[in-house]
Amino acid sequence: MIHSLFLINAAGDIFLEKHWKSVVSRSVCDYFFEAQERASEAENVPPVIPTPHHYLLSVYRHKIFFVAVIQSEVPPLFVIEFLHRVVDTFQDYFGVCSEVMIKDNVVVVYEVLEEMLDNGFPLATESNILKELIKPPTILRTVVNTITGSTNVGDQLPTGQLSVVPWRRTGVKYTNNEAYFDVIEEIDAIIDKSGSTITAEIQGVIDACVKLTGMPDLTLSFMNPRLLDDVSFHPCVRFKRWESERILSFIPPDGNFRLLSYHVSAQNLVAIPVYVKHNISFRDSSSLGRFEITVGPKQTMGKTVEGVIVTSQMPKGVLNMTLTPSQGTHVFDPVTKLLSWDVGKINPQKLPSLKGSMSLQAGSSKPDENPTINLQFKIQQLAISGLKVNRLDMYGEKYKPFKGIKYMTKAGKFQVRT
Amino acid sequence: MLSLPPVQKLLRQLPAGPAKPPVGGDTAEEVTSPVLATEAGQPACYSALQVDELRLLAGPKPAVATSTGPSLRHDDLKEMLDSNKDSLKLEAMKRIVAMIARGKNASDLFPAVVKNVACKNIEVKKLVYVYLVRYAEEQQDLALLSISTFQRGLKDPNQLIRASALRVLSSIRVPIIVPIMMLAIKEAASDMSPYVRKTAAHAIPKLYSLDSDQKDQLIEVIEKLLADKTTLVAGSVVMAFEEVCPERIDLIHKNYRKLCNLLIDVEEWGQVVIINMLTRYARTQFLSPNQNESLLEESAEKAFYGSEEEDTKEPKAEAASLAKRKPYVMDPDHRLLLRNTKPLLQSRNAAVVMAVAQLYFHLAPKAEVGVIAKALVRLLRSHSEVQYVVLQNVATMSIKRRGMFEPYLKSFYIRSTDPTQIKILKLEVLTNLANETNISTILREFQTYIRSMDKDFVAATIQAIGRCATNIGKVRDTCLNGLVQLLSNRDELVVAESVVVIKKLLQMQPAQHSEIIKHMAKLTDNIQVPMARASILWLIGEYCEHVPKIAPDVLRKMAKSFTNEEDIVKLQVINLAAKLYLTNSKQSKLLTQYVLNLAKYDQNYDIRDRARFIRQLIVPTEKSGALNKYAKKLFLAQKPAPILESSFKDRDHFQLGSLSHLLNAKAVGYQELPDWPDEAPDPSVRNVEVPEWTKCTSREKRKEKAEKPFYSDSDGESGPTESADSAVPHAEPESVSEESGSSSSSSSSSGSEEEEEEEEEGSGEQSEDKEEEEKRPKRKDKEGSRKAAMGSAGRYPLGKRGAPAEPLPALITPPPPQPIPSSSIISTSLVTDLEGLTLTDTSLTPALLSPAFGAVRTYELLHRMAGEGLSVEYCFSRRPFPGDPHMVAVHIQISNNTDAEVKSLRVSEPKLLSGMRIQEFPEIERLAPGDTANVVMGIDFCDSTQAANFQLCTHTRHFYVSIQPPVGELMAPVFMSENEFKKEQGKLTGMSEITEKLTLPEKCRSDHAIVQQVTSAANVGRVPCGADNEYRFAAKTMTSGSLVLITLEQREGAVAQLTVNSEKMVIGTMLVKDIIQALAQ
């Protein structure tokens, strides 16, 4: 299936290559570079590039292209999903997935890649199993290793692969047993010029951090499970229980994992917690334009909106902007034409606003499009869909774990057209 | 030492590699390694290997030593690798691997690295493996040196080491080891551990890519592994199947239902492969579920409205039509597949969701396809690469099944932050979804898009508007007006694109739009985009009658700039000139001449050709041919309006979700999705040989299976899908504890079950014991009678089921002698009590049964001559030895042929192997001359056929004697149902299965004879069996209680196949031999 993997940085250097079958020359990447040149931006490089003898499938994350070389028919999503899994694993191992990190830990990276695929077919992709095989580097361990000469490679064999719960490593022990669940909802919305909602939906996830000894069996129930329109589970969740009782029953992996992601459809009216008042105008004759934005809270259920960041891609004709914010800081990059305004918290008494003028290219006619405003925000302790966890129970182990649930609402792809 | 060339150094160090003295002489061991030696036919290969090795080792100066440049550079690394310190080696290996990762050549270090293959440090070892796999292909000879390490690993008791040895061995791409790999794969394919079998499945494609001549043999292995019932193996073996022999769809039949049922528990990557394969399978085996939908609707309607009269009127016609097209009933197996894949739409893995989606799209009835839409829309939230692939597939689906995605229209709305390629795909989907009801919303949305900064996207939007306009007549004018407004857009690209689209739209109804044409004619002054200019020129030429005044003027302008135009524009100028010449020759004759003259000397030969051709055609000369008359018809013929259609139309002849579909071109190795067959192939091919199971494949049963939860499936589930690793989660700690020591954790679930059974039995026996203890004083008196009662009355009826024809007397051949005759009433009642106790057990667990029949053979323990007149014979009575269930009861008959009394006969000084135990018979105080005594002793043989040696003492003499049990006597029959038998057999495949073919002699072909022979050879109980040419027997070994399952399948004629499944391989092998011998007699 997957023949080889090349990691390419933004400058077009291949800084890592790994082959699972016979070696494919790195010159195959020339086709990729060609496609990269043709595409104006990195994200526009087609994920699938056919070449005379191979097919190049790539994903672009953290400013790195992960290019897989395949030779024959294989479902493209299979490869793409796997590449993303590789990136996730690196992130899990090193905290960040950057070129520097990968170069620094090249041996661990290589060992991990070796375990993830056998002859191009995925072998161990569960991070719990991988971590048992190859310990992630930590500062402490690096120090210890240099002194004692011990290694990152676990002495254990991949016992996890033999287990009936392959996602959980065995022999887990903690002194403090804790299980935290974060219910995070993201609002995807498109708001039109007049402020009415064109489309809005809620995408939610429940991320868990479970540190429990032994082999706990958890059940999580909701007050209002019918809200969830479409769900996808971590493989640990027993599907049948959900189908029949709408209860999440599972033996969790150890550590951080995504238990569930769900979707609350547009049919249920989605509350939009913020509004944006905007007045952006270009005048035909003058080389100046007016710019004014005000952000305010709408349906926030009494919570404060924080972490508000407004970004907008200005038209090419805009040379510079002279703006004064009532709070927060703003930056305009004259090269990329990207305006970014870090608002912070919204105080309902004193709405934050950003006012000023734009200087346009002299002589050129006014841009015929208005910029779109992208919004980011956070609301703590609120799940905007109204989803509530009812209770969490543990079976199979005797101790009493500490349980915690946190709710948060964030902006997903939240756009305001002007 | 240091001055030695590397390879000689290697020679010295290699054998010492493992460093421990016992392993020191490994090279010698290798020669006799079972992999090579026992499986005959391979020594040739091995010797070849050896020769290679020798040649290499003898060679004084290999290339590495002479190539000074790079070797100098890596001298420090070599030194580090040669050092004794693991930390130095590790450091060196890390640097080497970093070199490999950067793509630097490190091949000259091969000899230095490869000798560390047996290093004890795991990380060094792993890195050496990484290196080895990378460079083995380039350094084949040297790579061979490492093979022996892996061969040793293949026989390690730890399954994980076996697996990793196989993994690396099979990754070494050296053709010369193909036979070794083949052997290793074959062996691993019948390994006890499912993990090793999984690795074997992974190794199959590796070997196949190395040497495709092995295909036939590999298919055999695949066939075997396909029958594997564990989820661990399923995904990997189907992958191997897809790579090696995707055309052998017949291999799937028997495994189809199993795969469907296992699917949900298979790991996610395996799921994708299995689902894709099953899609193809289903297309060949089932009928299209949509074939007579219309008929169904029709008949339903008739039933609803139809009055009785009508019915009577045309019953014949109806019957005829029904007979002709009998209503479609979905094959239950087809339904099974659909039902079992549906939950996987909830997978977190996009590839799995896509695989299920394509399965539903290709296989499900129209009404059910809708379920996949929601899941696919969910994937649109994922990474942009995932979106890209999903949208391509949605685009194809939305053409065929528009209704499916209509509710999700808004999910395809475009955000300014989407990458352009995603925007364009979303646009495609939106266009496909447009219909009369939603077109106004979509057009409003399109209007926003047109103002986007992304010009490629704007151009695509304009195209999309054009398509909407052609597809939906209602909005054509609105669209056209909108597009015309765009003609005054400041961006040239937008205008050009609009022109092209307008041209296409105008072709549909030119007469009404001369204004637009005029407007466009004016644009020629400004627009520079060639395609747009060409389009305008074509429009004016085509409809020059509608704009008679403007057309010649446009031609005049174009003639002026002709030489500077692009080729496509030039061609259109020539076209325009020709058309004008034909319709309005007065005004345009000279212009046309001029243009044609210019074109005649153009650089492009297409244009020169065109000019020449047109001149001949339109300008009348003496020579001009017959075509001249038709010139007008040729140029101004009514042209059909272009159809604007999606580039995704008809893409669904590729399997969705495949690479070929994405590229719209057949990729290497793409397996064509077959068309539905007209007639369904025989569905019975999928019936598995378990008749009972197939009998109960009724809906409910299947349903129960289909809905089994993720992994808690083994509670109460007793189908053949039972897998070793599908045990309840609580079994986990057990397997954990086992993995450290033994390698048999694979059978943990079955093991634990059996233990339970054993315990129950044990407790039963214990209670028996207790009671016996109470009665101990009387025991001697009772023993004989009890035995008799047990044999005849107690258990016989149960055993009788097996062979009703068996003569009763055979059972009690050694007539229970009663040295001290007594048969008290209490004892018999006790016996019946005890029997009752054991009998109730049978309903719960497979209980031990007393032997049913079988002529008991007697063996000589002491010959009359050797025993100086004392002759002793023994036989295995096949009854439970009272007091110890692990002991084999041995009946001993002692005859005193002397003329003196023999006194105090007893057993003494038993010499036993460890673990074996003897329960001596009570001392016989005296045996009168000519008299015979019968006693019973119990021996625990520890499930081995080793003889029990002891002395038989009289008051005068000691005789050394030994009892060696035939293997068949080391077990006790077990009663089990056919289902249980199948289930247990399923757990005992691979290494635990021994199969042998045999020919049955004439007299031994009847049921009766076979059963008799088998049961005489071994103490087994018959298991009922649905098939009449198959015989099944089951037993448990006495000591460990391991199951021994015997299957004798009678093929046509005298050929038969004997299969013995048992954890105890030695017993299995010997048993096969014994039974074959018994049957051959």
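Within every chain, numbering begins at 1; the chains are lettered A, B, ... in the order of the sequence lines, protein sequences first and strands thereafter.
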Original post:
In terms of the angle between their ring planes, are B/Trp269 and A/Phe82 parallel, tilted or perpendicular, with boundaries placed at 30° and 60°?
Top reply: perpendicular
Original post:
Can you tell me how far the OH atom of B/Tyr129 sits from the CD atom of A/Glu111, to the nearest 0.5 Å?
Top reply: 13.5 Å
**OP:** Below 4.5 Å from any heavy atom of chain A, which atoms of B/Glu243 appear? Answer side chain, backbone, both or neither.
**Re:** side chain
Original post:
If you count heavy-atom pairs under 4.5 Å with chain A, which of B/Ser660, B/Gly669, B/Ser384 comes out on top?
Top reply: B/Ser660
Original post:
What are the two closest heavy atoms between B/Arg451 and A/Thr418, and how far apart are they?
Top reply: NH2-O, 4.4 Å
**OP:** Would you confirm whether B/Gln346, through its side chain, and A/Val231, through its main-chain N or O, come within 3.5 Å as a donor-acceptor pair?
**Re:** yes
Original post:
Is there side-chain contact between A/Tyr55 and B/Val668, with at least one heavy-atom pair below 4.5 Å?
Top reply: yes
Subject >> Best-contacting candidate, A/Lys103, A/Met1, A/Lys193, against chain B by heavy atom pairs under 4.5 angstrom >> reply: A/Met1
Original post:
Which one, A/Val59, A/Val106, A/Val45, leads in non-hydrogen pairs under 4.5 Å with chain B?
Top reply: A/Val59
Original post:
About how many Å separate CD1 of A/Ile190 and OH of B/Tyr413, when rounded to the nearest 0.5 Å?
Top reply: 8.5 Å
Subject >> Smallest separation among heavy atoms of A/Glu17 and B/Ile100, with atom names >> reply: CG-O, 3.9 Å
Original post:
With side chains defined as the heavy atoms from C-beta onward, is the minimum distance between A/Glu186 and B/Arg381 less than 4.5 Å?
Top reply: yes
Original post:
In terms of heavy-atom pairs under 4.5 Å with chain B, which of A/Asp118, A/Val107, A/Thr372, A/Ile80 leads?
Top reply: A/Asp118
Subject >> Heavy-atom proximity to chain A below 4.5 Å, by part of B/Gln387 >> reply: side chain
Subject >> N-O pairing of B/Arg378 and A/Asp230 below 4.0 Å >> reply: yes
**OP:** Calculate, to the nearest 0.5 Å, the distance between atoms NE2 and CG belonging to A/His84 and B/Asn349 respectively.
**Re:** 11.5 Å
Original post:
In this structure, are over 12 heavy atoms from other groups packed under 6.0 Å from B/Lys342 atom NZ?
Top reply: no
**OP:** Report the option among A/Pro75, A/Gly120, A/Ser22 that has the most heavy-atom pairs separated by less than 4.5 Å from atoms of chain B.
**Re:** A/Ser22
Subject >> Nearest-0.5 Å distance that lies between atom CZ in A/Phe121 and atom NZ in B/Lys206 >> reply: 12.0 Å
**OP:** Tell me, for B/Val272 versus chain A, whether the close heavy atoms (under 4.5 Å) come from the side chain, the backbone, both or neither.
**Re:** side chain
Subject >> Closest heavy-atom pair and its distance - A/Pro76, B/Ser658 >> reply: CD-C, 3.5 Å
**OP:** Would you kindly say whether B/Ser416 and A/Gln313 are connected by a side-chain donor-acceptor distance under 3.5 Å?
**Re:** no
Original post:
Ion pair present between A/Arg85 and B/Glu268, side-chain N to carboxylate O less than 4.0 angstrom?
Top reply: yes
Subject >> Contact winner vs chain A - B/Arg134, B/Lys85, B/Glu137, heavy-atom pairs under 4.5 Å >> reply: B/Arg134
Subject >> Side chain, backbone, both or neither of A/Ala42 within contact of chain B (heavy atoms, under 4.5 Å) >> reply: neither
Original post:
Is chain A contacted by the side chain of B/Tyr388, its backbone, both, or neither, given a heavy-atom distance below 4.5 Å?
Top reply: side chain
Subject >> Greatest number of heavy atom pairs closer than 4.5 Å to chain A - which of B/Leu345, B/Thr448, B/Thr199, B/Val133 >> reply: B/Thr448
Subject >> chain A contact via B/Val390 - side chain, backbone, both or neither, heavy atoms under 4.5 Å >> reply: side chain
Original post:
Hey, which of B/Val353, B/Thr417, B/Ile450 has the most heavy atom pairs under 4.5 Å with chain A?
Top reply: B/Thr417
Subject >> Qualifying residue for side-chain contact (heavy atoms from CB on, under 4.5 Å) with A/Asn44, from B/Thr420, B/Asp454, B/Asp456, B/Ile422 >> reply: B/Thr420
Subject >> Flag side-chain contact, heavy atom, 4.5 Å: B/Glu445 against A/Ile198 >> reply: yes
**OP:** Among the options A/Lys413, A/Glu126, A/Lys18, A/Gln203, pick out the one with the most heavy-atom pairs lying under 4.5 Å from chain B.
**Re:** A/Gln203
Subject >> Minimal non-hydrogen separation, A/Glu73 against B/Ala667, with atom names >> reply: OE1-CB, 3.7 Å
**OP:** Mind ranking A/Gly214, A/Pro46, A/Ala39 by heavy-atom pairs under 4.5 Å with chain B and telling me who comes out on top?
**Re:** A/Pro46
Subject >> Any side-chain heavy-atom pair of B/Glu385 and A/Arg61 under 4.5 Å >> reply: no
Original post:
Under 4.5 Å between any side-chain heavy atoms of A/Ser261 and B/Arg348, yes or no?
Top reply: no
Subject >> Residue pair A/Glu81, B/Val352: steps toward the side chain to side chain contact (heavy atoms under 4.5 Å, CB included) verdict >> reply: CA-CA 10 Å; A/Glu81 180 80 22; B/Val352 176; over 6 Å; no
**OP:** Answer with side chain, backbone, both or neither: which region of B/Ile414 has an atom nearer than 4.5 Å to a non-hydrogen atom of chain A?
**Re:** backbone
Subject >> Non-hydrogen atoms of A/Asn119 and B/His202 that approach each other most closely >> reply: ND2-O, 4.1 Å
Original post:
Just wondering, do B/Arg415 and A/Asn374 contact through their side chains at under 4.5 Å, heavy atoms?
Top reply: no
Subject >> Straight-line distance of A/Gln71 CD to B/Ser209 OG, nearest 0.5 Å >> reply: 9.5 Å
Subject >> Selection from B/Met354, B/His661, B/His383, B/Glu267 maximising heavy-atom pairs under 4.5 Å formed with chain A >> reply: B/His383
